[in-house]
Amino acid sequence: MIYFVGAGPGDPDLITVKGAELLARSQVVIYAGSLVNKELLSRCAPGTEIYNSANMTLQQITGIMIEAHRAGRDVVRLHTGDPSLYGAIQEQMDILREAEVPFAVVPGVSSFVAAAAAIPHELTLPGVTQTVILTRFKGRTEVPATESMASLAAHQATMCIFLSVHLIDQLTSELLAGGYPEDTPVVVVEKASWPDERIIHGTISDISARVQQADITRTAMILVGASFKADYTPSKLYDRNFSHGFRRGNQ
Ligand code: SAH
């Protein structure tokens, strides 16, 4: 069996219990070397065959998986954060399906939630926004025209922007063009949950200069939205006048 496992954002304790157990008992591990914390590999049993996928092609990666499965061995494919976001797992799963090799996905703590925890701040506030947009700025990978930064900005929701900190100057111009007010808060979290994590606070108009000054060019999450400063209506979830499935109001 092949397991695509979310390694979490960096802190090795942020892998799931299920992911950690699979790491400890699989005979082959292929990890995404650029972002996965190598400390996680200390969970592998002695003798585990370990590959860093950073310098491998898709065919080499899936070749190892297929061969291992046919030899009766389990494989963990360790991806950063949660594998379903910008993980390039679809093409791996499609090749495995074609080869009739069984696989499963074990989710992980994505970097956008690790960034929210680092601040720490809630991403959805009643009366401010109830929507979170996960996206990236167009770079070497195209983004469909219907999802331009400006058109997404029109919603004034909370945005979590991956893979884009090196383009923050152009990105913030598009956010402004799309309708966010200039004083909308932006928080950039570099290496959330790692020991050298850094958090830079600013607004759409000054965050680019702050990020350049801090020399942040990779592995950072850009969080944008009024929630990071707004007055909000406290949630009804714990309001004593509000009833829900687990609690009667006014008690
Ligand atoms: N699947 C991953 C995302 C992979 S794309 C996830 O769910 O998090 C890589 C991008 O994720 C980086 O460019 C950066 O924007 C973000 N990222 C990954 N780890 C991060 C971390 N510890 N702190 C902040 N951003 C991170």
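Computed from a prediction, not measured in an experiment: that's the story for all the values here. Atoms within a ligand are numbered from 1 in the order they appear, just like the ligands themselves.
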* What is the closest protein heavy atom to atom 23 (N) of ligand 1, and at what distance does it sit? -> Ala192 N, 2.8 Å
* Which protein heavy atom lies closest to atom 2 (C) of ligand 1, and at what distance to 0.1 Å? ->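 Here the nearest protein heavy atom works out to Thr80 O, 3.3 Å.
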* Answer yes or no for Ala114: is there a heavy-atom contact with ligand 1 below 4.0 Å? =>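 Flag not set, Ala114 not near ligand 1.
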Would a 4.5 Å heavy-atom cut-off, applied to side chains only, mark [X] and [Y] as touching?
{"X": "Ile222", "Y": "Phe137", "result": "no"}
{"X": "His79", "Y": "Val36", "result": "no"}
{"X": "Ser227", "Y": "Glu122", "result": "no"}
{"X": "Thr158", "Y": "Thr124", "result": "no"}

* **Rounded distance [0.5 Å steps], CD1 in Ile133 versus CG in Leu123** =>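 That separation rounds to 12.0 Å.
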* Asked: What atoms of ligand 1 come within less than 4.0 Å of a heavy atom belonging to Leu35?
  -> 9 (C)
* To do: With heavy atoms of Gly81 as the reference, note each atom of ligand 1 found under 4.0 Å away.
  =>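 Per the distance check, 6 (C), 7 (O), 8 (O).
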Report yes if [X] has an N/O atom closer than 3.5 Å to an N/O atom of ligand 1; otherwise report no.
{"X": "Ala220", "value": "yes"}
{"X": "Phe162", "value": "no"}
{"X": "Ser193", "value": "no"}
{"X": "Pro83", "value": "no"}
{"X": "Ser110", "value": "yes"}
{"X": "Tyr86", "value": "no"}

Winner among [options] once heavy atoms are compared against [atom]:
{"atom": "atom 24 (C) of ligand 1", "options": "Val189, Val109, Leu85, Asp82", "result": "Val189"}
{"atom": "atom 13 (O) of ligand 1", "options": "Leu14, Leu163, Leu134", "result": "Leu163"}
{"atom": "atom 26 (C) of ligand 1", "options": "Gly87, Ser111, Pro9", "result": "Ser111"}

* Say whether Ser208 and Thr172, considering side chains only, have a donor N or O and an acceptor N or O under 3.5 Å apart. => no
* More than 12 heavy atoms of other residues, nucleotides or ligands under 6.0 Å from CD of Glu91: is that the case? -> yes
* To do: State whether the number of non-hydrogen atoms from other residues, nucleotides or ligands found under 6.0 Å of Glu39 atom CD is greater than 12.
  =>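 Incorrect, the count does not exceed 12.
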* Between the main-chain N or O of Ala157 and the side-chain N or O of Tyr180, is there a donor-acceptor pair closer than 3.5 Å? -> yes
* Taking non-hydrogen atoms only, is Trp194 closer than 4.0 angstrom to ligand 1 via side chain, backbone, both or neither? ->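 Only the side chain of Trp194 comes within reach of ligand 1.
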* Please work out whether the ring planes of Phe103 and Phe4 are parallel, tilted or perpendicular, with thresholds of 30° and 60°. =>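 Ring orientation, 0 to 90° scale: perpendicular.
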